[in-house]
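In what follows, a structure is listed as structure tokens, so that the remarks can point back to it.
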Amino acid sequence: MTVIRSLNTADKAMQVLQVKIDALANNLANADATGFRQVLTRVSSSGANSPDAGAAPTPGANAGAMPAASRMEMSAALDTRPGPIRETGRDTDFALMGRGFFVVDSESGERYTRNGSFSLDESRQLITPDGLPVMGEGGPLIIEGEQFSLEPDGTIVSGGHVVGRLKIVDFDDPYRLEHQGASLLRAPEDMAAQAVPQPEVTVAQSHLENSNVNPIDTLVAMISAQRAFEVQAKIMTTEDDMLSKAVNNLPRATG
Amino acid sequence: MIRAMGTAASGMKAQQMNIDTIANNLANVNTTGYKRSHAEFQDLLYEKVAPGDQVDSQGRANPNRVEVGHGVKLVATNKNFSQGTVVSTNNPLDIMIEGNGFFQLKLPDGSTAYTRDGSFKLDADGSIVNSTGYLLEPAVQIPEDATEIGISRDGVVSVLTSSDSATPQEIGQIELARFPNAAGLAARGGNIFTQSPGSGAPILGNPGLDGIGETSSGFLEMSNVETVDELVNMISAQRAYELNSKTITMADDMLQIINRMKR
């Protein structure tokens, strides 16, 4: 029944839009989280009307385009664009200026992060705010000596000696990385990390990278998703009216 | 129901903590030896959801899973131990550390505390104490007949007495402590810090040696709070708070739309 099918489509669309708003709300809540990478969601529809199939996911894109009577799908991708850099004055704050990720050793394997808000523990090992060791090319980094400096290529020098070099990796499709929470990203099983060649690494000491969330874009995307949600609700009530008329106002079959 | 509400609530709570931290920095802008803090945030847990159609037109399962986060949390307030601004006081018992290191104080319970606040005084016995009255460790006692006190850059305390006003007498040595990870020290209020598992054990030494800073008598180290930076941070934190409140309004509107559907 055609009318019932479009009711169903509107229902799916509302579910999808709700998740889209949830994802946008999370981006907005993390607008001040160091090194945070926003998740871009893309609502797509397969079927006759898919005007935006194949379009790259951008914040707010096709939130309002919701063709009726087609299938609703949603996909998500990590936004890998860099965030703005701020100076902090703490010598264990590192910011990656170019591509790549810091490598962190968690209980469940290697994790990746752009959050370089590190510190030293009592044995002067470089750790994340959660106490996980930050990996150098030769394992965890232990920085002896009172003063140390970080060269732009990731080499750590203390008292004139090279202590180690930060392990910086990148991926073929970094947008497929998944959030694990606590600034950590996880690679899907079929994607391996590759070391970034030394000349391409640029790390700045005493700086941190902010999140790459743009509050304006996010808010605009939220408003348009909310309006689209409202439109779908309107469609549902209209269908309901039509159905009601069809059921109640048709001439009765009289014997 | 709508996750966005809880997510935005976590954002508002985080920004509130951020404002609290900034307010504390600003309140201590004139506190001797105060080190500014900065709130650091991290994202919370994620959930995988598959909204919309579960199978495509050919009946294949939809492989797309969308990760939706649940907001943000405060993970740490990082202390910044950079040098504060310098004020000249001309009081010999006002001592500033130029570089790394902390003065050691003996707490009434016998344990040791650490401070960068070098505004020392004398107590009734002539012992050097901090503004709260905690004894400097190792203790230095100034003789009653001392007319002038001098503290050298390597921490040697010497006095001229009324009986011998020509040759300075060495009466003590100030010892400083440094830490493998000073940022891990626990702030105890009253400008003092105590050792914590994160800071590591103190390394003691005389000023000017082994990476420990020198003492500079007649000067005080003020706070390292930059008022302009703090105000800018405060404005942006307030706006972020406002943005998250907009999310809540929006989620509320959506629930209202749903409610209006059934008449």
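Order of the sequence lines sets the chain letters (A, B, ...), proteins ahead of strands, with each chain counted from 1. All values below were derived from every heavy atom in this structure, side-chain atoms included, with hydrogens, water molecules and symmetry-related copies excluded.
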Task: Residue part contacting chain B, namely of A/I127, when any heavy atom lies under 4.5 Å - done: neither
Open item on the list: Using every non-hydrogen atom in the two residues, find where A/H179 and B/E67 come nearest and quote the distance to one decimal.
Closed with: N-OE1, 3.0 Å
Open item on the list: I'd like to verify something: which residue of B/G71, B/S196, B/A183 has the highest number of heavy-atom pairs under 4.5 Å with chain A?
Closed with: B/G71
Task: Most chain A-contacting option - heavy-atom pairs closer than 4.5 Å, from B/D43, B/N244, B/N18, B/T7 - done: B/D43
Task: Closest-packed option against chain B by number of heavy-atom pairs under 4.5 Å, given A/S117, A/A23, A/G35 - done: A/S117
Task: Closest heavy-atom pair and its distance - A/D22, B/V68 - done: CB-CG1, 3.5 Å
Task: Closest heavy-atom pair and its distance - B/K79, A/R90 - done: O-NE, 3.8 Å
Open item on the list: I'd like to verify something: which residue of A/Q180, A/K234, A/R86 has the highest number of heavy-atom pairs under 4.5 Å with chain B?
Closed with: A/R86
TODO: Just give me the residue among B/I248, B/L74, B/L243 that pairs up with chain A most often, heavy atom to heavy atom, under 4.5 Å.
DONE: B/L243
Open item on the list: Atom CE of residue position B/M234 - does it have more than 12 heavy atoms of other residues, nucleotides or ligands inside 6.0 Å?
Closed with: yes
TODO: Pick one of side chain, backbone, both or neither for A/M222, based on which atoms fall under 4.5 Å of a heavy atom in chain B.
DONE: both
TODO: Could you go through the side-chain contact (heavy atoms from CB on, under 4.5 Å) check for B/M261 and A/Q232 one step at a time?
DONE: CA-CA 10 Å; B/M261 279 167 61; A/Q232 296 300 325; over 6 Å; no
Open item on the list: Is any side-chain heavy atom of A/L208 closer than 4.5 Å to one of B/E40?
Closed with: yes
- [ ] Identify the heavy atoms of A/V19 and B/R3 that sit nearest to each other, and give their distance.
- [x] CG2-NH1, 4.2 Å
TODO: With rounding to the nearest 0.5 Å, note down the distance linking CG in A/N30 to CG in B/L44.
DONE: 7.5 Å
Task: For chain B, the option from A/V39, A/D121, A/D32 that forms the most heavy-atom pairs under 4.5 Å - done: A/D32
Task: Proximal component of A/S123, with respect to chain B [non-hydrogen, under 4.5 Å] - done: neither
Task: Top contributor to chain A contacts, counting heavy-atom pairs under 4.5 Å, from B/N78, B/L45, B/V75 - done: B/N78
Open item on the list: For B/I257 versus A/A233, what's the shortest heavy-atom pair and its separation?
Closed with: CG2-CB, 3.3 Å
Task: B/M250 CE to A/L28 CG distance, which is reported to the nearest 0.5 Å - done: 9.0 Å
Task: Pair B/Y46-A/N26, side-chain contact (heavy atoms from CB on, under 4.5 Å): steps then yes or no - done: CA-CA 10 Å; B/Y46 286 78; A/N26 187 56; 3.5 Å; yes
Open item on the list: As an exercise, state the distance from CE of B/M5 to CD1 of A/I21, rounded to the nearest 0.5 Å.
Closed with: 11.0 Å
Open item on the list: With a 6.0 Å cut-off (strictly less than), is the heavy-atom count around CZ of B/R239, excluding the residue itself, greater than 12?
Closed with: no
Open item on the list: Looking only at heavy atoms and a cut-off of under 4.5 Å, which of B/P197, B/A39, B/A76, B/A237 has the most pairs with chain A?
Closed with: B/P197
- [ ] Could you look at B/D229 and say if it's the side chain, the backbone, both or neither that has a heavy atom under 4.5 Å from chain A?
- [x] neither
Task: Considering all heavy atoms, the nearest A/A33-B/V72 contact - done: CB-CG2, 4.3 Å
Open item on the list: Checking side-chain contact (heavy atoms from CB on, under 4.5 Å) between B/Q42 and each of A/T128, A/L184, A/D130, which is the one that passes?
Closed with: A/D130
Task: Separation of B/I258 CD1 from A/F229 CZ (nearest 0.5 Å) - done: 3.5 Å
Task: Winner by heavy-atom pair count (cut-off under 4.5 Å) against chain A, out of B/A182, B/G69, B/A251 - done: B/G69
Task: Any donor-acceptor pair under 3.5 Å from B/N80 side chain to A/T88 backbone - done: yes
Open item on the list: Determine whether A/E178 and B/K48 satisfy the following criterion, side-chain contact (heavy atoms from CB on, under 4.5 Å), listing intermediate values before the conclusion.
Closed with: CA-CA 10 Å; A/E178 295 162 355; B/K48 291 249 177 172; 3.0 Å; yes
